[in-house]
> 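Dumping the structure here so I can ask a few things about it.
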Amino acid sequence: MEARLQPVVIGRRVAAEAESVTVKAVVVAILLVIGVTIAGCHSAFLRYDLIGTGHLPRSALFPVMLLVAINPIWRFIFKKPLFTSSELLFIYCALVIMSGIPGQQFSNYLYTGLVSPVYHAHPRNMPELLQYEGINWLQYIPDWAVPSKDPRSGVVAWVFEGMPEGGRIPWQPWVLPLALWTIFAFALFTSHVLIAALLRRQWVEYEKLTFPLAQVPVETAEEKRIGSMVRNLLFWFGFIIPVFIFTFRALHIYFPYFPNINIYRNWGAIFQGRPWDVLNFTPFNIYFDMIGVTYLIPSDVGFSFWFFSFVGRRIQMVIRSAMGLSDHIPPLEHQTIGGLFMFFFLQMWVARKYLAYVFQQAKEGKGGDEEVLPYRHMLIFLAISVLIVIAWTVKLGVAIHWAVLLFVVHYMWRTVQARMIGESGLFIFWTPYPVHGGPSVLFMRLFGKDLIGAPNVVGLTMVSSKFGDSAACLVTQALHGFKIAQLANLNLRQVFYLMLASVYIAVLTCHPTSVRIIYLTPVPKMGWWTRGYPRWLANEFLIRLAQDLRVQTSQYFHMVGGALFTLFLAWMRWQFFWWPFHPLGYAASSAVPWFGDRYGFSMLLGWLLKALVMWFGGIRMWQFFKPFVIGMILGNTFILFILIIIHFFFPTNEVVVIE
């Protein structure tokens, strides 16, 4: 093992020959980061169209597609391409890492989340407070953490009630809280990127995870590959399918007399009684990007995901219903939580010798010359980032043991999520309780409010509500950037620094953009989710302080059972080559209730397409149809990005793009 972990002989030569970033690519990347951030904030707040959600975000892929389309024209006029494939991929890496920041990963939750606890602390704005005596979460929130603690001040009230005529945006009160929250965000996001850097060699080089989503931009940016594909009719057949269907859907939304193509169907109520009635309204949603990506991943992974998320959970529901049980979601959810924890420990066990080698090299001040940073520097900066995050949370009023536990679980779940997407290519995945604040909800359910204590409940809710949503995960995005660097022979350290700079620029750009939006467009006039989030957050404070949310004892057994079943699946996979069930599929199946319902059928279609192709034609036929699925993914990205732009300028009451 020691020999296997030594840097490969050609490592230094490859690093020396790696493609370096150009000034042109850096300038274009920074301009696009700023532009995507501004556009993303407006789109997320005003329409709740998330241009950067998921792990193959349209806000990163569409600009690269546009630049690729410009290249031939530029070559025809000036006899050379405007951007090389390496420059395009550097730009993609800069965009993919920050894609969620002007949306679900940061801006949607931070700004209104700093004034909502203040505004709704007054019974005039939240009458439910009159039902509970002594509930006051505002006393546990430090003054420096919010722009004002006066619910009637313009700083707070104008966000919900609109600015009076002649009023001016109150910038000054936001300076201190945003400066301090920026420290937290920088430290948290830096730790995510460094965790990805720490795991990069183990997952990318030793275990050789495929990272299917990284293949799409590489195929798109490489001039010869994309040139070959666009001359293939199969590519255009795949491209035109989502374009045609979503165009019809959009026309129907704007002009109801136009025929609709429903790709979000279910089979209705076909069963009348127990236990089969739990299968009523089983959905058959079609997501073209999920179909295409499932075609690219290993067959056992694709099979396990659709089986456990689409079929396996329904089998459990039927069995529970036959036993007279109801409320099926909590048991399935807790099984998945146990599975996620077990899967994390399994991955750390597999990587134990590599991690021991890294720590030993760091202790001796050696190693890491081929990494984004030397091992010693990597671990020091990671430790500093984590300590800042924990210290910041303690300063907010959370006891140190709860702060440590919060981020231990947070980093565990983010690591498992990165592994899932790196191996399975899921376009999007949520860890448990994403809307409610992630690990803090787990603590409320396991330990209850009395054991945690009111100050900790408020502090945990205040912090975790800002980063609990995992629809876009920086650990995952950074690993995809590193995988792209390997596939395209980009300078790894330059990719690392460019991605970090992109994150910092996006956060800083969000501040003036989002503050301006929330005053010029008050909460009642925002998109459906951003309109409801502030009240939802206040309800979370109220419910967590007023009610005991601890789960029944049986849920602990479900959690342990989920962990043991994940261990069993992993053991069988290690022992028997023919074993078809991957523990990833089970651990992901019910992390959130809607995951299997939303994407399970599309994963089944992608797996079935690959299975039939491999059965009849083997790897050659799989390669033959690959342009078709790449075309489907790119066509889906193209038309949905265009529709988001149209929807922004021509809003409707219906949701045009369903994630």
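In this text, all values refer to a predicted model and were calculated from it rather than measured experimentally. Start at 1 with the first residue, then count along the sequence.
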> When the ring centroid of Phe625 is compared with that of Phe235, is the distance short of 6.0 Å?
no
> Starting from the C-alpha separation in whole Å, work towards a yes-or-no answer on side chain to side chain contact (heavy atoms under 4.5 Å, CB included) for Val503 and Ile101.
CA-CA 8 Å; Val503 169; Ile101 290 175; 3.8 Å; yes
> Is the closest side-chain donor-acceptor distance between His511 and Thr182 under 3.5 Å?
yes
> Check salt bridge (charged side-chain N to carboxylate O under 4.0 Å, His left out) between Glu371 and all other residues, then give those that pass, not counting sequence neighbours.
Arg200, Arg201
> Quick one: pull up OG1 in Thr37 and CG in Leu32 and give me the separation to the nearest 0.5 Å.
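The distance works out to 10.0 Å.
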> Glu223 vs Arg75, test: salt bridge (charged side-chain N to carboxylate O under 4.0 Å, His left out). Steps then yes/no.
CA-CA 12 Å; Glu223 189 173 6; Arg75 180 189 288 276; 2.8 Å; yes
> What residue among Phe184, Phe106, Tyr504 forms side-chain contact (heavy atoms from CB on, under 4.5 Å) with Phe189?
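Considering Phe184, Phe106, Tyr504, a side-chain contact (heavy atoms from CB on, under 4.5 Å) with Phe189 is found only for Phe106.
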> So among Phe429, Trp430, Tyr599, which one has a ring pair (Phe, Tyr, Trp, His ring centres under 6.0 Å) with Trp594?
Trp430
> Testing the basics here: between Met348 and Leu199, what is the closest heavy-atom pair and its distance to 0.1 Å?
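Reported closest heavy-atom pair: CE-CD2, 4.4 Å.
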> Donor-acceptor pair, distance only, cut-off 3.5 Å: does the side chain of Lys24 make one with the backbone of Leu82?
yes
> Say whether, by atom type as modelled, one donor and one acceptor occur between the side chain of Ser502 and the main chain of Leu498 under 3.5 angstrom.
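No.
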> Mind checking whether His480 and Phe211 have parallel, tilted or perpendicular rings, split at 30° and 60°?
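Answer is perpendicular, since the angle exceeds 60°.
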> Taking the side chain as everything from C-beta on, heavy atoms only, tell me whether Lys466 gets closer than 4.5 Å to Trp181.
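Yes, side chains in contact.
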> Rounded to the nearest 0.5 Å, how far apart are CG of Leu584 and CZ of Phe305?
5.0 Å
> Between CE of Met290 and CD1 of Ile633, what distance do you get to the nearest 0.5 Å?
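That separation rounds to 10.5 Å.
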> So which heavy atom on Val386 is nearest to which on Ser191, and how close?
CG2-CB, 4.2 Å
> Roughly how far, to the nearest 0.5 Å, is NE2 of His377 from CD1 of Ile384?
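Going from the CD1 atom of Ile384 to the NE2 atom of His377 covers 10.5 Å.
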> Indicate whether the side chain of His192 and that of Gln477 have a donor and an acceptor atom separated by less than 3.5 Å.
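No - no donor-acceptor pair under 3.5 Å links their side chains.
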> Can any side-chain N or O of Ser304 pair as donor or acceptor with the backbone N or O of His582 at less than 3.5 Å?
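Flag set: sc Ser304 to bb His582 pair under 3.5 Å.
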> Could you check whether the rings of Trp607 and Trp306 sit parallel, tilted or perpendicular, using 30° and 60° as the cut-offs?
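It falls in the tilted class, 30° to 60°.
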> With a 4.5 Å heavy-atom cut-off, do Leu474 and Gln105 have their side chains touching?
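They are in contact (side-chain heavy atoms under 4.5 Å apart), so the answer is yes.
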> So Thr190 and Leu500, do their side chains get closer than 4.5 Å, heavy atoms only?
yes
> For the residue pair Val216 and Thr220, what are the closest heavy atoms and their distance?
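Heavy-atom minimum between the residues: O-OG1, 2.7 Å.
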> Taking atom types as modelled, find out whether Gln623 and Lys626 have a side-chain donor-acceptor pair closer than 3.5 angstrom.
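Not at all, the side chains of Gln623 and Lys626 share no donor-acceptor pair under 3.5 Å.
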> If I compare all heavy atoms of Ile51 with all of Val36, which pair ends up nearest, and what's the gap?
CD1-O, 4.0 Å
> Does any part of the side chain of Lys483, heavy atoms only, come nearer than 4.5 Å to the side chain of Leu487, both counted from C-beta?
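Yes, close enough: below the 4.5 Å cut-off.
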> For a quick test of your reading: what N or O donor-acceptor pairs under 3.5 Å do the side chains of residues 87-98 make, sequence neighbours left out?
residue : atom : partner : partner atom : Å
Glu87   : OE1  : Thr84   : N            : 2.9
Glu87   : OE2  : Thr22   : OG1          : 2.7

> Hey, does the side chain of Trp236 reach the backbone of Val230 with a donor-acceptor pair shorter than 3.5 angstrom?
yes
> Is there a donor-acceptor pair closer than 3.5 Å between any side-chain N or O of Thr294 and the backbone N or O of Gly606?
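Side chain of Thr294 to backbone of Gly606, a donor-acceptor pair under 3.5 Å: no, none is there.
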> Let's go through Ser86 and Leu490 carefully: what are the C-alpha distance in whole Å and the side-chain angles of both, what is the deciding distance for side chain to side chain contact (heavy atoms under 4.5 Å, CB included) to 0.1 Å, and is it a yes or a no?
CA-CA 7 Å; Ser86 298; Leu490 306 182; 3.8 Å; yes
> Does the structure place the NZ or CZ of Arg47 under 6.0 Å from the centre of the six-membered ring of Phe648, at an angle of no more than 45° from the ring's axis?
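Here Arg47 passes the 6.0 Å and 45° test against Phe648.
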> Kindly compute the distance separating OH (Tyr354) from CD (Glu205), expressed to the nearest 0.5 Å.
8.5 Å
> Less than 4.5 Å apart, side chain to side chain, heavy atoms only: is that true for Thr476 and Gln417?
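In short, these two side chains touch, coming nearer than 4.5 Å.
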> Does the pair Val293 and His55 meet the rule for a side chain to side chain contact (heavy atoms under 4.5 Å, CB included), with working shown?
CA-CA 11 Å; Val293 169; His55 298 97; over 6 Å; no
> Show, in sequence, the C-alpha distance, side-chain angles and deciding distance for Ile291 and Val629, and conclude whether the side chain to side chain contact (heavy atoms under 4.5 Å, CB included) test is met.
CA-CA 8 Å; Ile291 295 172; Val629 298; 6.0 Å; no
> With sequence neighbours excluded, what pairs up with Phe83 under the ring pair (Phe, Tyr, Trp, His ring centres under 6.0 Å) test?
none
> Does Ser470 reach the main-chain N or O of Thr431 with its side chain, forming a donor-acceptor pair under 3.5 Å?
yes
> Counting distance only, does the side-chain N/O of Trp74 pair as donor-acceptor with the main-chain N or O of Lys79 below 3.5 Å?
no
> Can you name the nearest heavy-atom pair linking Gly52 to Ala472, along with the distance?
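Result for this residue pair: O-CB, 4.4 Å.
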> For His410 and Phe467, I'd like to know if the aromatic rings sit close, meaning centre-to-centre distance below 6.0 Å.
yes
> CZ of Phe649: more than 12 outside heavy atoms within 6.0 angstrom?
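No, CZ of Phe649 has 12 or fewer neighbouring heavy atoms, counting only those of other groups under 6.0 Å.
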> Any chance the side chains of Ser514 and Ser107 put a donor and an acceptor closer than 3.5 Å?
no
> Are any of the side-chain heavy atoms of Glu423 and Thr210 separated by less than 4.5 Å?
no
> Identify the heavy atoms of Tyr497 and Leu373 that sit nearest to each other, and give their distance.
OH-CD2, 3.4 Å
> Strictly under 6.0 Å, is that where the ring centroids of Phe427 and Tyr287 end up?
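When the ring centroids of Phe427 and Tyr287 are compared, they turn out to be at least 6.0 Å apart.
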> Could you please spell out the steps behind the side-chain hydrogen bond (donor to acceptor under 3.5 Å, both in side chains) verdict for Asn108 and Tyr533?
CA-CA 8 Å; Asn108 276 177; Tyr533 168 71; over 6 Å; no
> Any side-chain heavy-atom pair from Met65 and Leu67 closer than 4.5 angstrom?
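No, their side chains stay 4.5 Å or more apart.
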> Say you draw a straight line from CD1 of Ile639 to CD1 of Ile241; how long is it, rounded to the nearest 0.5 Å?
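Taking CD1 in Ile639 and CD1 in Ile241, the distance rounds to 14.0 Å.
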> Verify, without hydrogens or angle tests, whether Thr513 (side chain) and Thr509 (backbone) share a donor-acceptor contact under 3.5 angstrom.
yes
> Decide if the gap between the ring center of Phe239 and the ring center of Phe638 is smaller than 6.0 angstrom.
yes
> Any side-chain heavy-atom pair from Val21 and Asn491 closer than 4.5 angstrom?
no
> Are the charged groups of Arg419 and Glu207 less than 4.0 angstrom apart, N to O?
yes
